[in-house]
Amino acid sequence: MSKRIELKDLNIFYGKFHAVKSVNMTIEPRAVTAFIGSSGCGKSTVLRSINRMHEVIDGAYVEGQVLLDGVDLYDKAVDPVRVRRHIGMVFQRPNPFPTMSIRENILAGVRLNNSRISKSDADELVETSLQGANLWNEVKDRLDKPGSGLSGGQQQRLCIARAIAVSPDVLLMDEPCSALDPISTLAVEDLIQELKENYTVVIVTHNMQQAARVSDSTAFFNLKAHGQPGELIEYGPTEKIFHNPEQKATEDYITGRFG
Amino acid sequence: MASTETGATSESLPQDPTNDLQSTIHGKARLGDKVFRNLSTGSGTLILVILAAVATFLVGLSIPALTADPEELQYGAFWAYALPFAFGTVWASFLSMLFAVPVAIGIALFISHYAPRRLAQGLGYVIDLLAAVPSVVFGLWGINTLAPLVRPLYVWLADNFGDLPVLGWFFAGPVSGTGRTILTAAMVLAVMVLPIITAISREVFLQTPRLHEEASLALGATRWEMIRQAVLPFGTPGVVSACMLGLGRALGETMAIAMVLSPASVISFELLTPSNPNTIAGNIALAFPEAFGLGVNQLIATGLVLFVITLAVNMTARWILASRKEFSGAN
Ligand SMILES: Nc1ncnc2c1ncn2[C@@H]1O[C@H](COP(=O)(O)OP(=O)(O)OP(=O)(O)O)[C@@H](O)[C@H]1O
Ligand SMILES: [Mg+2]
């Protein structure tokens with residue numbers, strides 16, 4: 001299930017704009033990797049290039065390699081649609097399909113590609129996915145109600161459940177808690193801890209404490225100057241990045257945030 | 001500086017602090033707000049007044065025809081006279097929507113989600129232009145170009161499907177010599193309503209939240225799957241509204257029908273024969289010049305029937321939408 005990701009000399013562009021410069025890193029399976037860094041340094045951009053969501057934007061493209069267990073995801077023969085089935089994504093703002101019920105939201109990924117699923121299999125999948133996202137008890141009596149009727153935190157966990165329902169190898173999360181209250185945030189953080197037993201988890205966060213709490217490794221991105229491409233400044237075990245960083249910029253950023 | 005000032009006032013004018021607060025939070029409604037509120041309320045009322053005026057006019061002038069002795073009426077008993085036209089109206093509009101809606105949605109999706117930006121813009125202009133073509137021109141086109149063009153197809157349809165069960169109801173011969181049948185009229189109508197439905201649907205599809213499109217793509221949806229999962233469900237209410245506007249035009253279209261159709265007073269589903277049910281609007285246009293006395297009232301009463309049909313269709317559509325409101329994505 002869980003797979004290793006390697007970024008090799010990855011350069012990312014929005015048309016003429018060079019957004020991220022030569023990133024090299026290896027993201028370990030069965031672990032949580034956090035991306036931190038100031039706004040606009042390219043964290044989301046790197047994350048979205050891992051499941052080939054980057055190229056969805058007009059004129060956006062990537063140079064370099066992203067390897068998933070050694071397979072180059074940007075190889076010509078690779079179908080981006082299939083890549084995304086292996087690498088799930090959770091967005092900053094909860095985005096359940098408003099026209100679907102909770103149940104249908106969970107099944108949305110499975111229903112793609114015309115795959116048929118029996119009612120009992122579907123029921124089971126809905127239950128395990130919702131349990132996997134710690135949401136089952138809260139919604140089990142209203143599976144046929146619209147997903148948009150849940151609270152923000154519940155919606156976000158619904159989105160996580162939807163992402164894990166297709167049993168991906170990797171789970172990418174772009175600031176999954178930034179729209180949530182502290183209680184919901186804790187619920188999602190707990191969930192991330194559990195998820196790493198089965199998935200490679202990559203999370204972007206602006207919250208230093210959160211990065212320190214949930215992640216095993218941390219990658220710090222930064223901009224040299226405005227208009228310059230973002231770069232990976234330092235990458236290592238979270239413990240080391242937070243307490244004994246090698247780069248001055250990393251230390252400044254972390255201490256600055258801690259006050 | 002500031003502190004001495006406040007000190008001075010509090011010494012010389014010790015005043016009730018609540019009063020002070022009142023004077024700062026009390027205030028008159030702003031002029032702009034007032035004007036705007038009255039303007040919007042006024043326009044809302046105006047629409048209702050116009051609608052009521054039209055309804056009163058229709059009902060008032062219809063009553064003489066509806067209550068008169070059939071013997072005295074120029075066109076005979078009212079319902080026997082009106083029913084074929086009511087049927088023709090609904091049937092022609094239904095057929096035209098059958099052609100127009102799928103094509104319009106297809107074009108709208110192509111413009112909003114498939115075509116490169118340049119092409120999409122060009123296509124958008126062409127569609128908007130099509131909406132500006134007057135119906136007389138469509139009528140002429142229907143008579144001179146479309147009817148002769150489709151007649152061979154009608155002959156083929158009648159030969160191959162005319163004798164089959166069920167399909168025979170629609171495709172039975174004899175085929176009209178001019179090709180000016182209700183099917184041709186429906187095609188002309190379809191071309192006329194196409195730009196309306198396309199233009200609105202395109203706008204609606206473009207409004208699909210990026211978030212929902214990306215949610216679908218990130219799950220591994222192909223573009224078409226993404227459209228079915230995110231774009232179409234989001235757009236449905238808007239597309240229904242677009243169809244209602246188009247249908248409104250089709251139901252009421254007069255000129256093109258009056259020109260293209262060679263009418264008869266029948267209720268028939270046959271699409272290819274020379275005897276086609278006329279529509280209410282088309283019939284009023286054709287019959288009005290020769291109508292006199294109660295005949296005029298009788299024609300106006302058919303207009304009332306058209307008014308009721310249009311209202312009923314619109315209300316049904318609203319009702320269907322309202323019953324799905326919970327899942328509309330509005331929240
Ligand atoms: N759709 C886009 N088109 C063009 N440029 C973009 C687009 N999205 C992002 N960028 C640019 O790419 C750079 C990196 O953006 P990105 O969203 O990856 O930053 P981020 O680190 O995720 O920031 P934040 O912490 O605010 O989310 C920024 O300079 C941004 O302006
Ligand atoms: Mg971001």
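Just so it is clear: chains get the letters A, B, ... in the order the sequence lines come, proteins before strands, and each one is counted from 1.
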Next item on the list: Measure A:R52 against the heavy atoms of chain B and call it side chain, backbone, both or neither at under 4.5 Å.
Entry: neither
Note to self: How about CD on A:E124, more than 12 heavy atoms from neighbouring residues, nucleotides or ligands closer than 6.0 Å, or not?
What the structure shows: no
Next item on the list: Look up atom CG in B:L217 and atom CE in A:M89, then write down how far apart they are to the nearest 0.5 Å.
Entry: 11.5 Å
Checklist line | Interface moiety of A:D58 toward chain B, non-hydrogen atoms closer than 4.5 Å | finding: side chain
Next item on the list: Please list, chain by chain and in numerical order, all residues satisfying side-chain contact (heavy atoms from CB on, under 4.5 Å) with A:T128, sequence neighbours excluded.
Entry: A:L125
Next item on the list: Could you tell me which of B:S216, B:A218, B:P209 has the largest number of non-hydrogen atom pairs under 4.5 Å with chain A?
Entry: B:A218
Note to self: Please report the interatomic distance CG(A:L112) to CZ(B:R228), rounded to the nearest 0.5 Å.
What the structure shows: 8.5 Å
Item checked: For A:F221, ring pair (Phe, Tyr, Trp, His ring centres under 6.0 Å) partners two or more places apart -> A:F35
Next item on the list: Determine the minimum heavy-atom distance between A:V81 and B:A221, stating which atoms define it.
Entry: CG2-O, 3.8 Å
Next item on the list: May I ask you to check whether over 12 heavy atoms, not counting those of B:L46, lie within 6.0 Å of atom CG?
Entry: yes
Check: About how many Å separate OG1 of A:T99 and CG of B:L232, when rounded to the nearest 0.5 Å?
Finding: 10.0 Å
Check: Around atom CZ of A:F17, are there more than 12 heavy atoms of other residues, nucleotides or ligands at under 6.0 Å?
Finding: yes
Check: So, for A:G109 and B:L219, which heavy atoms are closest and what is the spacing to 0.1 Å?
Finding: N-CD1, 3.9 Å
Next item on the list: Let me know if B:R223 has heavy atoms under 4.5 Å from chain A in its side chain, its backbone, both or neither.
Entry: neither
Next item on the list: Run the numbers on A:R84 and B:E214 for salt bridge (Lys or Arg N to Asp or Glu O under 4.0 Å), then give the verdict.
Entry: CA-CA 11 Å; A:R84 294 177 202 136; B:E214 293 204 336; over 6 Å; no
Check: Taking side chain as C-beta onward, heavy atoms only, is A:P98 less than 4.5 Å from B:H212?
Finding: yes
Note to self: Can you tell me if B:F36 has over 12 outside heavy atoms packed within less than 6.0 Å of its CZ?
What the structure shows: no
Item checked: More than 12 heavy atoms of other groups within 6.0 Å of B:K34 NZ -> no
Margin query: As an exercise, state the distance from CZ of B:R210 to CD1 of A:I57, rounded to the nearest 0.5 Å.
Written below: 6.0 Å
Notebook entry, point to check: Hey, is CZ on B:R318 packed in by over 12 heavy atoms from elsewhere, all under 6.0 Å?
Noted result: no
Check: In Å and rounded to the nearest 0.5 Å, what is the CZ to CD distance from A:F97 to B:Q229?
Finding: 4.0 Å
Notebook entry, point to check: Which bit of A:P80 is near chain B, if near means a heavy-atom gap under 4.5 Å: side chain, backbone, both or neither?
Noted result: neither
Notebook entry, point to check: Given that the side chain runs from C-beta out, which part of A:I87 has a heavy atom under 4.5 Å from chain B: side chain, backbone, both or neither?
Noted result: backbone
